[in-house]
Structures are given as structure tokens and as C-alpha cells.
Engineer: 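Dropping a structure here in C-alpha cells format, bear with me for questions.
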Protein chains: 2
Amino acid sequence: MDTDSPLKDERRLHILDAASELLAIRPTASLADIAQHAHIGKATLHRYFSTREALLIELAYRALNLVSDVIATCRLDQDPAPVALGRLAEALVPHGDKWYFLLNEHFWDVHPDLIQAEETVQAPILALIERGQAEGTFRRDISPTWMIYMLDFTLFAAWQAIFDGTIARRDAPRLMIEGLLGGIMTKT
Amino acid sequence: MDTDSPLKDERRLHILDAASELLAIRPTASLADIAQHAHIGKATLHRYFSTREALLIELAYRALNLVSDVIATCRLDQDPAPVALGRLAEALVPHGDKWYFLLNEHFWDVHPDLIQAEETVQAPILALIERGQAEGTFRRDISPTWMIYMLDFTLFAAWQAIFDGTIARRDAPRLMIEGLLGGIMTKT
DNA sequence: ATAAAATGAGATAAAATTGTCTCAAAATAG
DNA sequence: CTATTTTGAGACAATTTTATCTCATTTTAT
């Protein structure tokens, strides 16, 4: 990728974000659909991303980077685990579409460097859950794997509910956190 | 649909079920992919379902009928709401792929009779949640809509975890029910 | 304000998917 | 067992999606 003007960078990100949103709602969306959703022309889409695959790969990296940044700012190793997990969940809700994209796109085999980067995202979350189990705030009779599934799917539920307009953006983090934590915390 | 032999009926259902499973995992799967997943030839797939749309429509009806049957057998109007909801969740887990299909396919506008049928599925669940709130076992500070989102997404999480082989089929209902109920039940 | 760059609509080409068909082999029915 | 039906591989046709390109218009940079 060349050095572009700030405007073109901004455009590029806007397209990626529009693609992310639409693909979360409709994974089968065509490039014409994506261009329309981004309010740009099809030719412009191709100018920014030469192939569908190029778009998807770049979106994967963007999603990964965004999510990594969120995780880095959440201090998952501080405070009791439920607090830290709540913090993480709240920060991730606006990025639910990208989270969904990362979970569901099937190109990991083709791009092995993406696998490594993806593990750097999962590791701190797994460590947080294991910390919660060690400190007794998370149940030990439920596997960390299942807890991660619950996080993944609850996060996307919250994102989709916002998108659908059925819950308010400002309520989503609280609802999600309560729904999630209620299922995995020990009863005190 | 003509009257076919029992064998052809069984074949047809097997194809629908294979399609359902693959589409839950990979919504962008092509008809060639679906045929392969069902272990049949592409020509055979087309003999059973003349177009992709025909396949999807019939899958929608099958999913609806299956889910409706499950709901009809679950006595949602009996026992405390958490018990009834647990019963429902447990019964729905094996049909998570079909539940996901119903939630995500975008053909409701084109087939209005499917909309009505879909509402006959949603209404008893909504009624159950509202009963739970009335009897004080479900929280009233969380909207029934959000509870339904939680049910939907938790169900699919359980189905996918089974599919991925990360939880045992026999554990999935319990894990799902605990995860779900912990988030929506009142604390007693 | 002007020149350069970017854009979108739409036409066109290439590739992929959907859909159709043939025929030898496999499965089924009786 | 035999006759009939069904099937799958693969060739081919039709349709859709992806990708390429043109050019007048719009936007941006200076």
C-alpha cells in the first residue's frame, strides 16, 4: 500500500468499515452491494481494493488491529476478572461486526501470518478467564472455551441488537455484561 | 412437490439437513459446496431442488416446522418460566443450525406466508418470557427483546461449539441453559 | 481560480456460480 | 434375478458476480 493522502486513507477505512457492517448482517453481500452500502461507485471500490479477496484480507487485518488495540487498552490483568471482562466487553461492543468477521471468515489457512496475529488476540482473553477461575470469581465447572464462546456470541448479539435498533447503544454494554457475567460468575 | 417414495423423501431431508449445517458454518457456500457436503452430485441436487432459491425456501419451511414441533412439545406454559425455558433450550440445541438459518436468511419480504409462520414461532417464546417476568423469576429490568437475542445467540453458540467439537453434545444443553439463565433470572 | 486527481455510471470482459443435459454405472423395485 | 429408476461425473449453457475500462463530472489541492 502506497502512501496516500489522509483523505484517501480515511476513505479507505470508511469503505472497510461499511464492508464490515454489511458482511456482518449479510455475509453473502456482493461487491456491488458493498459499494452501495458504502455510498461509493463500484469502480471506486475496485480502485481501492483490486479484488474481493484483497478487500477481505485488509478487513481482517483492520479488524485484528482494532481488536488488538482495544485489548491492549483494557488492562485485562488488573482488577478482579469480572471487572476486567466487563471492561473488555464494553470496549468491544462497537466493534462487534469486526469481531464477527474475524470469527467467521475462512481464510486462515491461506494466510498463516493471520493465524499468529489472531492468537495474540485470543491469548489475553483466555488468560483473563483463567485468572478469574484461579481467583475464584469465575466458575471452574465451566470450561474457558465455553466462556469464550459465550463472550463471542453475546458480543455479537449486542452489536446486532444495536444495529437492529432494538436496544439503545448506551444500554448495550450493560445488558451484554450482565447477561454474560450472570452465566459465568460464581454465586456469591 | 409430488408424492415420492419414502426413500426419496428421506434423501430430500438429508440434503436439506446437510445444506442447513453447511450454511450455518459458511453462509457463502455454493451449490457445488452443498452437494459435496451432502455427498451427492450436483446434478442430483438440482433434481431435488430446481434452483438455489427453491432449496432455501424449502429449508426455511423445514426449519420452521421443526422448530414449531419442538416448541409445541415443550409445554412452555407449564412449570416456572426458567424450567420451561431450560426445556426449550435443551430441545432446540440440536437444531441450532436451522435456528440460525431462520434468523439470518433474508427472504421474508418475498414470501409473506413465511412471516406469519415465523411469528407463530416467536409468540410462545415471548409469552414465556413475559410470564417469567410476571411471576418474578425473570428480571423486569431487562427487555424481553434482549432476552430473546440472548436465547438466539446462546443457542447458536452451543450448536457451533458442538459442531466444532469443543464441547460434548451431552454437555451443551446444560452449559447453554446455565449461561443463559444466569443472565436473565432474578437473584434469589 | 485553475489544474490535477478522484469519482460514478455504465459498458464490457473475465470468472464463478447456477442451471441443464448426457450417459454409463449404481441403486432400487418387484 | 431383471427391468426400471436414480445417480454422479463432467460437459455445456445461462446467469450473476467480479474485474476492467472509458469519460464527463465532481472534488481536491495549491
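Since the structure is predicted, the reported quantities are computational estimates derived from the model, not experimental observations.
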Engineer: Could you walk me through whether W159(A) and H95(A) pass the side-chain contact (heavy atoms from CB on, under 4.5 Å) test, one step at a time?
Structural biologist: CA-CA 8 Å; W159(A) 183 88; H95(A) 305 294; over 6 Å; no
Engineer: Could you tell me which nucleotide pairs with dC21(C) by Watson-Crick or G-U wobble geometry, both distances under 3.5 Å, or answer none if nothing does?
Structural biologist: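 By the stated definition (distances under 3.5 Å), dG10(D) pairs with dC21(C).
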Engineer: Check for me whether R12(A) meets the cation-pi criterion with F49(A), that is, NZ or CZ under 6.0 Å from the six-membered ring centre and within 45 degrees of the ring axis.
Structural biologist: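 Checked: cation-pi criterion met.
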Engineer: What's the closest nucleotide to the side chain of L7(B) if the choices are dT7(D), dT7(C), dA29(C)?
Structural biologist: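 From the listed options, dA29(C) comes nearest.
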Engineer: Whole Å only: how far is the CZ atom of R47(B) from the P atom of dC23(C)?
Structural biologist: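 So the CZ-P distance, R47(B) to dC23(C), works out to 13 Å.
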Engineer: Look at the rings of Y100(A) and F156(A) and say which category their plane angle falls in: under 30° parallel, 30 to 60° tilted, over 60° perpendicular.
Structural biologist: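 Y100(A) and F156(A): parallel rings.
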Engineer: Q133(A) and R139(A): which non-hydrogen atoms are nearest, and at how many Å?
Structural biologist: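 Smallest interatomic distance, heavy atoms only, reads NE2-O, 2.7 Å.
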Engineer: Rounding to a whole Å, what distance do you find between I15(A):CD1 and dA6(C):C1'?
Structural biologist: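 One finds 12 Å between C1' of dA6(C) and CD1 of I15(A), rounded.
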Engineer: Does R11(A) reach a base, just sugar-phosphate, or nothing at all? Heavy atoms under 4.0 Å.
Structural biologist: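 Sugar-phosphate contact only - R11(A) comes under 4.0 Å of backbone atoms but never of a base.
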Engineer: Look at the side chain of A43(A) and decide which nucleotide, out of dC21(D), dG8(D), dT7(C), has an atom nearest to it.
Structural biologist: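 From the listed options, dC21(D) comes nearest.
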Engineer: Does Y48(A) have a side-chain nitrogen or oxygen under 4.0 Å from the phosphate oxygens OP1 or OP2 of dA6(C)?
Structural biologist: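 Y48(A) to dA6(C) OP1/OP2: no side-chain N or O under 4.0 Å.
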Engineer: Determine, for R26(A) against D33(A), whether the closest basic-nitrogen to carboxylate-oxygen distance falls under 4.0 angstrom.
Structural biologist: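 Between D33(A) and R26(A) there is a salt bridge, with a charged N closer than 4.0 Å to a carboxylate O.
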Engineer: Taking the six-membered ring of F163(B), is NZ or CZ of R169(B) closer than 6.0 Å to its centre and within 45° of its axis?
Structural biologist: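 Checked: cation-pi criterion not met.
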Engineer: Measure NE2/H14(A) against P/dT7(C) and give the value in whole Å, please.
Structural biologist: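 Atom NE2 in H14(A) sits about 11 Å away from atom P in dT7(C).
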Engineer: Dump the pairs, protein N or O against N or O of nucleotides 16-19 of chain D, anything under 3.5 Å, distances to one decimal.
Structural biologist:
residue, atom, partner, partner atom, Å
dT18(D), OP1, R52(A), NH1, 2.7
dT18(D), OP2, L31(A), N, 2.7
dA19(D), OP2, R52(A), N, 2.6
dA19(D), N6, K42(A), NZ, 3.1

Engineer: K8(B) has an atom NZ; how far is it from atom P of dT4(D), in whole Å?
Structural biologist: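 From K8(B) NZ to dT4(D) P: 17 Å.
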Engineer: Write down the distance between NE2 (H39(A)) and P (dA9(C)), rounded to a whole number of angstrom.
Structural biologist: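 Atom NE2 in H39(A) sits about 12 Å away from atom P in dA9(C).
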Engineer: Please report the distance, rounded to the nearest Å, between CG in L45(A) and P in dT20(D).
Structural biologist: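 Answer to the nearest Å: 12 Å.
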Engineer: Do you know the tightest heavy-atom contact between P124(B) and I71(B)?
Structural biologist: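 Minimum heavy-atom contact is CG-CG2, 3.7 Å.
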Engineer: To the nearest Å, give me how far apart CD (Q36(B)) and P (dT17(C)) are.
Structural biologist: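 One finds 12 Å between P of dT17(C) and CD of Q36(B), rounded.
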